[in-house]
Number of protein chains: 2
Amino acid sequence: MHALAHEAPLTRSVEDYLKVIYHLSSQGGFAATSDIAAMLDLAPPSVSGMVKRLSEAGLIEHVPYRGVQLTAQGRRAALRMIRRHRVLETYLTQQLGYDWDGVHAEAERMEHAVSDDLIERMAGALGDPRYDPHGEPIPTAALEIEEAELVRLSEAAVGQALELREVATQDPARLRYLAEQGLTPGAQLVVTDRQPFNGPTTVQLRGSSAARVVGQELARLLLCRPGGGDGDARA
Amino acid sequence: MHALAHEAPLTRSVEDYLKVIYHLSSQGGFAATSDIAAMLDLAPPSVSGMVKRLSEAGLIEHVPYRGVQLTAQGRRAALRMIRRHRVLETYLTQQLGYDWDGVHAEAERMEHAVSDDLIERMAGALGDPRYDPHGEPIPTAALEIEEAELVRLSEAAVGQALELREVATQDPARLRYLAEQGLTPGAQLVVTDRQPFNGPTTVQLRGSSAARVVGQELARLLLCRPGGGDGDARA
DNA sequence: GTCGGATATTAGGATACCCTAAGCCAGCAG
DNA sequence: CTGCTGGCTTAGGGTATCCTAATATCCGAC
């Protein structure tokens with residue numbers, strides 16, 4: 001009989017913690033408290049305190065001096081916030097004229113305030129979108145999320161054809177620059193060159209037949225699906 | 001040199017207090033702390049504490065044992081919240097299919113979370129509406145609000161032609177019932193009868209040629225403009 | 001003109017969250 | 001295998017908001 005069925009509603013802080021823990025632990029297993037602190041711009045002791053509360057609430061598992069991981073319950077709560085955020089970003093962009101680089105902050109505040117009902121209405125009005133403006137997959141209402149096999153542009157082999165799928169930053173300046181370069185989700189590209197020692201990657205943009213040189217920092221943010229759309233791609 | 005130009009951003013609680021103080025003091029001069037407590041569903045001492053902070057912040061004037069009034073600054077902050085709330089209600093109703101009786105709670109939460117920019121985008125998308133779904137006037141972006149001369153249906157003279165302008169409640173059950181009766185803003189009506197001793201008012205609905213009997217409690221919520229629309233009305 | 005009850009305020013405490021400063025632990029350097 | 005350093009946690013405060021219980025004030029009834 002569902003032990004903690006009626007949890008108290010989560011506070012804004014808790015929702016934010018869960019979201020960053022989700023992101024930090026999505027690759028490796030544990031999220032370090034100092035990384036959580038850095039992401040939320042808090043002092044590490046504040047995180048230790050919250051970590052205790054979260055693990056008492058059954059939302060995370062804490063291994064002292066190692067880090068934290070989400071429980072199933074915590075993961076659900078995190079995915080719910082991610083769905084909210086991404087639906088909001090998509091709605092604000094498509095319906096209210098926000099730019100993809102300015103929409104993050106607004107969604108960040110709204111995601112704590114709106115009802116699930118509103119989110120579903122927005123999603124419905126948009127035809128249940130599967131990706132947000134940055135190309136990130138939107139969890140379904142049932143909180144299932146697509147786990148795509150994406151490679152960072154910084155690691156793609158020279159000669160490979162790719163489709164740009166995700167731009168993994170919310171920084172407005174970087175987003176604006178990348179958009180100017182035509183590097184938005186859906187862009188078809190071929191890696192034509194990479195300089196050694198973490199040097200820049202050069203890509204050919206299909207459609208515009210233009211070349212772009214992308215430094216390593218930005219190339220790491222560009223998540224691509226191999227075999228982009230045409231050319232020799234077959235697989 | 002604008003003394004307190006850069007006030008700290010107001011908290012949600014403060015925003016809520018200012019809004020109810022605005023409503024409570026809009027008629028008479030002072031809002032009583034017990035009335036504020038009742039409206040916000042708080043214990044009176046909590047209000048006393050907040051009242052002290054608000055008056056230190058220059059948002060209200062407090063006369064001990066009498067009540068509070070908004071300062072010019074507090075009034076501006078209250079009107080800003082009222083604009084936000086009413087724009088949100090209008091947007092949610094017109095763009096996302098909310099009913100006029102269900103929209104209040106959603107707007108109540110969102111009004112604390114969204115940016116002014118979003119409010120103006122929503123207002124723009126709606127063509128800068130002047131009234132919300134309940135007929136209440138929406139303050140302009142410059143925070144000017146229409147002060148209409150409205151009479152309560154419960155006090156209108158028998159025989160008078162009226163236009164229903166505002167429905168002064170947010171209670172979903174009452175709103176739903178009134179909508180079923182065709183009593184929504186814009187309805188044209190004529191008072192045909194009133195029973196004594198705070199008895200019900202009977203109105204004739206133009207257009208539907210139907211009669212409605214409205215008890216005193218509800219009739220007090222229906223704010224009307226005299227000389228409704230047609231018939232002998234000329235003024 | 002004083003008493004009593006309603007209303008308001010002060011006193012004292014709880015919670016959730018944040019911080020800085022001080023102490024603890026794990027694992028690598030030697 | 002010992003000691004140091006950096007990351008983590010505990011200790012101790014601070015703010016904002018709420019509460020209950022106790023006290024103060026106002027005002028109409030008599």
Side-chain angles (χ1 to χ4, degrees), chain A residues 4 6-21 24-25 28-70 74 77 81 108-109 111-113, chain B residues 4 6-21 24-25 28-70 74 77 81 108-109 111-113:
Chain A
L4 291 167
H6 270 175
E7 304 89 27
L10 306 178
T11 66
R12 277 148 235 281
S13 291
V14 168
E15 290 173 344
D16 283 334
Y17 274 89
L18 293 176
K19 240 181 23 168
V20 317
I21 292 169
L24 287 172
S25 60
F30 285 87
T33 58
S34 57
D35 291 344
I36 299 170
M39 294 273 277
L40 292 171
D41 198 23
L42 298 174
S46 306
V47 175
S48 284
M50 178 61 93
V51 155
K52 182 182 297 184
R53 267 168 274 150
L54 293 180
S55 69
E56 280 163 6
L59 293 162
I60 63 174
E61 214 66 66
H62 181 211
V63 180
Y65 291 96
R66 265 177 91 95
V68 303
Q69 267 182 319
L70 294 173
M81 296 314 294
E108 193 75 13
R109 274 175 284 108
E111 68 190 10
H112 303 297
Chain B
L4 291 165
H6 270 176
E7 304 89 28
L10 306 178
T11 66
R12 275 147 236 279
S13 290
V14 168
E15 290 173 344
D16 282 336
Y17 274 90
L18 294 176
K19 240 181 24 167
V20 317
I21 292 168
L24 287 172
S25 60
F30 285 88
T33 58
S34 57
D35 291 345
I36 298 170
M39 294 273 278
L40 291 172
D41 199 20
L42 298 174
S46 306
V47 175
S48 284
M50 179 59 92
V51 155
K52 182 182 299 185
R53 269 168 274 150
L54 293 180
S55 69
E56 280 162 6
L59 293 162
I60 63 174
E61 214 67 66
H62 180 210
V63 181
Y65 292 97
R66 264 178 89 97
V68 302
Q69 267 181 317
L70 294 173
M81 296 314 293
E108 194 74 14
R109 273 176 283 109
E111 67 190 9
H112 302 297

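Note on naming: letters A, B, ... go to the chains in the order of the sequence lines (proteins, then strands), and numbering restarts at 1 for each one.
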Grab the CG-P distance between L54(B) and dC18(D) for me, whole Å please.
10 Å
Nucleotide dC17(C), atom C1' - distance to CD of E15(A) in whole Å
15 Å
Within residues 41-51 of chain A: residues closer than 4.0 Å to DNA chain D (heavy atoms)
P44(A), P45(A), S48(A)
Less than 4.0 angstrom between a side-chain N/O of S13(B) and OP1 or OP2 of dA16(D), yes or no?
no
Closer than 4.0 Å, any side-chain N/O of T33(B) to the OP1 or OP2 of dT9(C)?
yes
Nearest to side-chain heavy atoms of K52(A), which nucleotide of dT9(D), dT10(D), dT10(C):
dT10(D)
Whole-Å distance separating the OH atom of Y65(B) from the C1' atom of dC27(D)
13 Å
Could you tell me if the side chain of L18(A) sits less than 4.5 Å from the side chain of M81(A), heavy atoms only?
no
State which residues pass salt bridge (charged side-chain N to carboxylate O under 4.0 Å, His left out) with E61(A); sequence neighbours excluded, sorted by chain then number.
none
Just the rounded figure in Å: distance from C1' of dC17(C) to CG of L10(A).
15 Å
Is any side-chain heavy atom of L10(A) closer than 4.5 Å to a side-chain heavy atom of H112(A)?
no
Quick one: are L40(B) and D16(B) in side-chain contact, heavy atoms under 4.5 Å?
yes
Quick one: does K19(A)'s side chain get under 4.5 Å of E111(A)'s, heavy atoms only?
yes
Report yes if a side-chain nitrogen or oxygen of Y17(A) is closer than 4.0 Å to either non-bridging phosphate oxygen (OP1 or OP2) of dA16(C); otherwise report no.
no
May I ask you to test the Y17(B)-L42(B) pair for a side-chain heavy-atom distance under 4.5 Å?
yes
Any H62(B) side-chain heavy atom under 4.5 Å of L54(B) side chain:
no
What's the CZ-C1' distance between R53(A) and dC18(C), to the nearest Å?
9 Å
R66(B) atom CZ is separated from dT7(C) atom C1', nearest whole Å, by 14 Å
Euclidean distance, atom CZ of residue R12(A) to atom C1' of dA16(C) [Å, nearest integer]:
13 Å
Quick check for you: among dT7(C), dG7(D), dT17(D), whose closest atom lies nearest to any side-chain atom of S34(B)?
dT7(C)
Counting only side-chain N and O atoms of H62(A), is one of them less than 4.0 Å from OP1 or OP2 of dC8(D)?
no
Give the rounded distance in Å between these two atoms: CD1 of I36(A) and P of dC8(D).
9 Å
